[in-house]
Amino acid sequence: MKDIFVEVVFNLPINQTFSYRVPQELSRVQPGMRVLVPFGNQFLTGVVVMKRDRPGFPNPKDVVDVLDELPLITEKMMQLTRWVSEYYLSSWGQALFLALPRGIEEAVKEKVFLLKDLPDDTLTQRQRELFLVIAENPGNTKAYYRKKFGYSSFYNLLNILKKKGFVYFEQEYIEAQARELFRQFVHINEDYPQLKEKFPDFLKYLKRRPEIDAYMSERLGQDILKSKFLEETRMSPPTLAKMCRYGLCQQITKKVERRIHFEDVEEPKIVKLTDEQTAAIKAVEPNIEKEAFATFLIHGVTGSGKTQVYIEVLKKVLARGKTAIILIPEIALTPQTVRRFKKVVGDEIAIFHSKMSLGERLDYWHACYEGRIQCVVGPRSALFAPLDNLGLIVVDEEHEHTYKQTEINPHYNARDVAIYWARMNNAVVLLGSATPSLESYYNALNKKYALIEMKKRIDDVQMPAVEIIDMRRAKKVGQGELRLFSQLLIDKINERLSKKEQVILLQNRRGFSAFEQCSECGFIPICPNCDISLTYHAHGEKLQCHLCGYTIPAYQFCPNCGGRQIVYKGTGTQRIEKALLEVIPHARVLRMDRDTTRGKRSHETILQAFAEGRADILLGTQMIAKGLDFGRVTLVGVISADVGLSIPDFRAPERIFQLLTQVAGRAGRRQKVGEVMVQTYSYSHYAIQFARTHDYAGFFKEELNHRKNFRYPPFVRLIQILVLHKDFMETVNKTREIAHKLKAPLAKYAQVLGPAPGIIQRMNNLHRWVVTLKLNPQTDPTGKITKSILLQKLGSALEKKKKNQQILVDVDPITLN
DNA sequence: AGCACGCCGACT
DNA sequence: GTCGGCGTGCTC
Ligand SMILES: [Zn+2]
Ligand SMILES: [Zn+2]
């Protein structure tokens with residue numbers, strides 16, 4: 001008999017497959033199944049990506065176990081994850097594990113145990129230290145102690161402790177974190193009515209407790225959760241045991257599926273679709289019927305009824321027996337939205353959200369896999385749900401940055417992957433937004449996507465006026481911190497408070513970097529090469545561009561008007577609250593920011609308190625801009641649009657435009673027309689002016705010009721290489737070295753910018769510098785060439801965490817690093 | 001990611 | 001000569 005072999009990938013940053021021999025008894029293994037295999041001195045769960053009759057490596061080890069009966073990963077999903085890994089430069093394994101439920105990895109790892117109670121003087125200082133760390137909590141994995149003790153010399157010292165006979169290692173099986181849930185049930189046997197007659201003592205018992213006889217008789221053949229059974233019958237456990245002995249019923253263990261229950265909503269009034277909605281659905285319909293791939297961009301103002309369009313299209317897709325994925329930014333995953341979809345889909349819906357337990361995720365994943373789910377709703381990870389026969393992917397609020405995964409590999413953008421996945425499945429994509437990303441709208445204008453415009457609001461409520469307060473001229477309420485408020489804004493707030501109405505005040509999160517802005521004319525120093533604001537460095541009194549590195553001395557006077565320059569770093573919500581209370585002492589203010597929402601449910605608590613009218617003013621960062629509308633809020637104030645505008649990112653104007661538009665959309669819901677007031681020193685900035693007039697097309701045109709002139713997306717592709725290092729000089733040197741290494745080989749294909757300091761210059765004790773690549777759309781339109789050169793030149797250094805250093809690659813960064 | 005190995009300077 | 005800090009390279 002000839003041996004068979006498999007190629008396996010792991011959820012590790014190693015971009016290669018590993019060969020294993022398959023023992024005879026495990027020959028049922030197929031690509032897409034999980035296997036437990038030896039790897040180094042441990043055993044890991046990997047996924048088989050290929051079955052073959054020759055080994056890809058001399059003398060491979062044996063597969064220890066096959067963990068699945070059927071492949072968990074389809075051939076198509078293999079292709080998708082492989083593409084994701086190649087496009088975003090991660091390992092295949094890391095991309096592939098996106099398509100599996102979390103926490104399903106079994107492993108065998110070495111754990112450390114003590115042989116002696118106390119350290120003695122045969123140990124050096126460092127060895128003693130490590131011994132004590134282990135003694136604190138023996139029997140854990142090496143990685144556990146390494147994290148506690150620190151990386152440096154860890155293995156060295158640990159092995160010395162072993163050699164000296166203080167500790168020993170033992171391989172221990174570590175089970176998967178996500179487990180199926182089993183519960184005890186009571187099964188009532190069918191022949192209960194006849195059988196009970198044989199047991200006089202039981203009949204006597206029934207005489208006393210006739211309700212039990214009724215209970216049992218009504219449930220013949222049924223399985224009842226044991227705890228429920230005991231509670232409902234108020235029977236004692238010994239009695240139950242006796243009944244089981246008599247064969248009247250039996251106790252069984254059954255797998256139960258964890259499901260999240262939503263209360264049903266009252267029947268919604270029959271919705272009459274608007275003309276625009278009808279037209280939108282009609283535009284999409286042919287592709288649904290032909291099952292032909294296409295991407296539709298629905299540009300619909302807030303309140304134009306995009307969600308109803310999704311729902312109507314979803315109905316058609318489901319009616320054809322196809323499945324659908326609805327992607328929604330986590331923050332918008334509110335019960336109200338979810339219920340609307342639930343209403344349409346019924347029980348065959350799976351809703352994923354970040355607070356779900358591993359077990360719930362596991363059960364829903366299996367429900368999808370087994371074909372019991374027709375529609376998945378969730379944030380970006382829901383895209384990889386194992387649905388068969390996919391017909392539709394909706395990406396709501398497609399411009400949202402949360403679709404891009406930033407912390408962990410692969411750094412994928414679910415919106416873009418969705419389009420690729422839909423193409424593979426001949427499915428239809430609906431991208432929806434009131435403020436589409438420049439990229440998407442540009443694609444729509446170029447006929448890559450079909451454009452659907454929805455300009456009217458269902459309720460016919462006018463978009464509220466957005467009033468821009470020119471802080472250069474406006475009268476302030478006072479000096480010092482009180483210069484934060486214009487008299488106009490404070491007057492308006494007071495007016496609302498006297499009418500017992502509520503106010504929301506928004507402040508941008510503090511910028512990571514300081515910037516200069518003239519308080520007379522609003523001038524912000526901009527890099528002449530990159531069109532982004534220059535970052536102010538107190539050290540050396542200089543201004544520096546964090547893309548190309550351009551540096552000039554900081555201005556003492558405004559070059560525009562000669563005015564006195566101010567250095568401004570944005571004001572935290574805490575200081576704003578203090579100043580606000582100085583101006584309006586009787587105001588009841590709720591603050592919602594990083595500090596006040598640390599607790600698990602603090603979010604909801606604050607929002608609820610505000611909704612119940614226990615405060616007049618809700619003051620917070622952008623996080624309160626979305627996903628909520630309060631009936632009694634009639635004024636939304638933006639304290640300063642300047643912090644947002646000055647973020648050194650070419651998308652800063654786009655983000656401000658989106659924020660202001662969104663705020664306006666929210667403020668103007670319900671019957672009352674709200675009012676939006678925006679304070680800014682950059683009164684004439686195009687993003688602010690176009691937001692004031694709700695003019696997306698105008699904004700798009702102007703912004704597109706900037707992008708074209710300074711060569712940014714959608715005209716070029718960007719790739720950023722981020723160097724993290726403990727030591728500042730090393731960071732700079734390493735970044736310079738990388739830029740230098742890449743310049744010559746990339747000369748034809750990409751412009752190499754930098755080295756330059758990152759937007760966040762220091763995080764977790766690591767300095768951050770970046771090299772930015774602008775790919776040449778003529779010579780390397782897909783980016784494949786640049787990526788292969790990148791891999792070739794930086795190769796194994798990428799993504800590999802070293803003691804003090806790490807190098808990350810971000811393909812299509814959505815916020816500059 | 002996790003781990004071993006080997007080099008080298010520091011310190012018995 | 002050991003210890004321990006650190007970079008490099010392998011894991012089928
Ligand atoms: Zn000025
Ligand atoms: Zn620049």
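Here the structure is a predicted model, which means the values were calculated and not measured. So that the names make sense, note that chain A is the first sequence line, chain B the second, and so on, each numbered from 1.
Heavy atoms of A:K163 sit nowhere under 4.0 angstrom from any nucleic acid atom. When heavy atoms are screened at a 4.0 angstrom cut-off, A:N159 is found touching the sugar-phosphate backbone but no base atom. Residue A:P38 is classed as a sugar-phosphate contact, given heavy-atom separations below 4.0 Å to backbone atoms only. Note on A:N11: nothing from the nucleic acid sits closer than 4.0 angstrom, heavy atoms only. Across all strands, A:Y20 comes closer than 4.0 Å only to sugar-phosphate atoms, never to a base (heavy-atom distances). Contacts of A:L157 with the nucleic acid, taken as non-hydrogen atoms under 4.0 Å apart, involve only primed sugar atoms and P, OP1 or OP2. Residue A:E7 is classed as having no contact, given no heavy-atom separation below 4.0 Å to the nucleic acid.
Residues from residues 96-128 of chain A placing a heavy atom under 4.0 Å of any atom in DNA chain C, listed by number, are A:T124, A:R126, A:Q127. Residues from residues 134-146 of chain A placing a heavy atom under 4.0 Å of any atom in DNA chain C do not occur.
The aromatic rings of A:F728 and A:H767 sit perpendicular to each other, their planes meeting at more than 60°, with 30° as the lower class boundary.
Nucleotide C:dG4 holds its P atom 14 Å from the CZ atom of A:F154, rounded to whole Å. The CG atom of A:L161 sits 15 Å away from the P atom of B:dC3 (whole-angstrom rounding). Taking atom CZ on A:F43 and atom P on B:dG2, their separation rounds to 17 Å, with Å as the unit. The distance from atom OH of A:Y151 to atom P of C:dT8 is 13 Å, rounded to the nearest whole Å. When the C1' atom of C:dG5 is taken as reference, atom CD of A:E730 falls 15 Å away, rounded to whole Å. Atom CD1 of A:I174 and atom P of B:dG2 are 11 Å apart (whole Å). Rounding to whole angstrom units, CD1 of residue A:I14 and P of B:dG2 are separated by 10 Å. For the pair A:N41 CG and B:dG2 C1', the computed distance is 8 Å after rounding to whole Å.
The cationic atom of A:K142 (NZ for Lys, CZ for Arg) lies less than 6.0 Å from the six-membered ring centre of A:F169 and within 45° of the ring axis.
Between A:F18 and C:dC12, no base-stacking contact is recorded for ring centres under 5.5 Å apart and planes less than 30° from parallel.
An OP1 or OP2 oxygen of B:dA4 is reached within less than 4.0 angstrom by no side-chain nitrogen or oxygen of A:Y155. Distances shorter than 4.0 Å separate none of the side-chain N or O atoms of A:K162 from OP1 or OP2 on B:dC3.
A salt bridge links A:E439 to A:R651: at least one charged side-chain nitrogen sits closer than 4.0 Å to a carboxylate oxygen. A:K164 and A:D120 are not joined by a salt bridge, as no carboxylate oxygen comes within less than 4.0 angstrom of a charged side-chain nitrogen.
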(request) Start with the C-alpha gap between A:K404 and A:D810, add the side-chain angles, then the distance that decides, and say whether salt bridge (charged side-chain N to carboxylate O under 4.0 Å, His left out) holds. (result) CA-CA 10 Å; A:K404 172 102 178 171; A:D810 192 354; 3.0 Å; yes

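No side-chain donor from either of A:S85 and A:Q94 sits under 3.5 Å from a side-chain acceptor of the other. A side-chain donor from one of A:N137 and A:Y144 sits under 3.5 Å from a side-chain acceptor of the other. Side-chain atoms of A:Y403 and A:E398 form no donor-acceptor pair, as typed in the model, at a separation below 3.5 Å. Inspection of the A:T772 and A:Q720 side chains reveals an N or O donor paired with an N or O acceptor under 3.5 Å.
Between the side chain of A:D62 and the backbone N or O of A:P23, no donor-acceptor pair lies under 3.5 Å.
The side chain of A:L12 approaches B:dA1 more closely than any other nucleotide in the set B:dA1, C:dC12, C:dC3.
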